[in-house]
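Here is the naming used below: chain letters follow the sequence lines, and residue numbers restart at 1 for every chain. If you're wondering where the values come from, they're calculated on a predicted model, not measured in any experiment.
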There are 2 protein chains.
Amino acid sequence: MDTRERLIESTRELLWERGYVGTSPKAIQERSGAGQGSMYHHFHGKPDLALAAISRSAEDMRSRAEADFTRPGTVVERISTYLRRERDALKGCPVGRLTQDPDVMADPRLRRPVEETFAWLTGRLAELLAEGRANGELDAGIDPAATAAALTAVVQGGYVLARATGSANVFTQATDSALALLRR
Amino acid sequence: MDTRERLIESTRELLWERGYVGTSPKAIQERSGAGQGSMYHHFHGKPDLALAAISRSAEDMRSRAEADFTRPGTVVERISTYLRRERDALKGCPVGRLTQDPDVMADPRLRRPVEETFAWLTGRLAELLAEGRANGELDAGIDPAATAAALTAVVQGGYVLARATGSANVFTQATDSALALLRR
DNA sequence: GTCTATACAAGGATAGAC
DNA sequence: GTCTATCCTTGTATAGAC
């Protein structure tokens, strides 16, 4: 991995662990093993580097989700695969957590990948739910868009709850329960 | 409101808007109108003042929820009151957001009110759900604890989604959808 | 109780040598 | 491309006068 790459990956980790406000250039340099001048040679500053890191995390999140969504199986099975995929619930969502970062939300460039990711995710889930409703797998009365919002919220809120209580178990309780309610 | 009180309230606002890491003593002084020496006279430092602010926000959140839970009406009505209560979804949850603050989570004193609030909230919802299951309002097959986790997660995740997409509407979609799934 | 002065580390970045 | 030196601001706190 070259220096530029190490800078991006280290920034991704730090943004995940400490957020944008809590991550200093110095911390990035230390974690990546790059020097002061090296970092400012590859990137214009903290926001520029953060944009690269956030964009990559956003793409990563989408491609993982899409892999679950396109697996063979029924709609409910595919949604179940997504909801029950192994996650380190106590670490939280690397993209969702940026939502609490005032300096990220205040900068349209940094904010955009976050916005796009969640718009895409709920849209994609709504498509699946509409498909399940059409083929009779799901109740004819469900609202695909609203249900997609609820499922996405359960995942994001599951992270919050897990971190708050210090227990990864509540994440599983929440997502399993959402699935059970959906299946009925 | 005396100085001590203004310091606490200003800190509550800033923690809500910018989190612990993003809130400086200077910003607190400016917002509260208190001087440097005044702040350090009333509190030992940033963590001490933050503890007062966090504790109050936690109590506030619990008492609002309890007011909804003890209203007259069926279990589903009371849960519905709680879920549909007016909130500024774009501001997020003042307690839930602290979950993303590394320095809060790392300090057991600051962390405790957050932990207790969510343990209490899920426990209380589980009691209500068990009551509804017992009196036939809810499906006999539901798991109160797991469903409580899902409902709490929908609210917390609804905030995340609303902030991510910039639309308070998704919060309502998510909570309404959760209620609809519960009612069936 | 509140104010001002002072202190010192950390955040964030630029300049120029190599 | 990377290193070191340097710069100015902000964060966080203490000391002592009023």
Taking the six-membered ring of A:Tyr82 as reference, does the NZ or CZ atom of A:Arg87 fall below 6.0 Å from its centre and within a 45° cone about the axis?
-> yes
Short question: side chain of B:Gln173, backbone of A:Ala150 - any donor-acceptor pair under 3.5 Å?
-> no
Between which nucleotides of DNA chain C, 5' to 3', does chain A make heavy-atom contacts below 4.0 Å?
-> C:dG11 to C:dT14
Contact residues, residues 35-51 of chain B to DNA chain D [heavy atom, < 4.0 Å] | B:Gln36, B:Tyr40, B:Gly45, B:Lys46
CG (B:Leu7) and NE2 (B:His41) are apart, to the nearest 0.5 Å, by 10.5 Å
Straight-line distance of A:Thr117 OG1 to A:Glu59 CD, nearest 0.5 Å | 8.5 Å
Starting at the 5' end of DNA chain C, which residue's closest nucleotide do you reach first, B:Arg4 or A:Thr23?
-> B:Arg4
Side chains of B:Arg12 and B:Ser57: is there a donor and an acceptor less than 3.5 Å apart?
-> yes
B:Gln156 and A:Gln156: side-chain donor and acceptor closer than 3.5 Å?
-> no
B:Ile28 CD1 to D:dT10 P, straight-line distance once rounded to whole Å | 17 Å
With hydrophobic residues grouped by side-chain heavy-atom distances under 4.5 Å, do B:Phe118 and B:Leu125 end up in a single group?
-> yes
Would you say A:Val76 and A:Val155 are hydrophobically clustered, going by side-chain heavy atoms of ILVMFWY under 4.5 Å?
-> yes
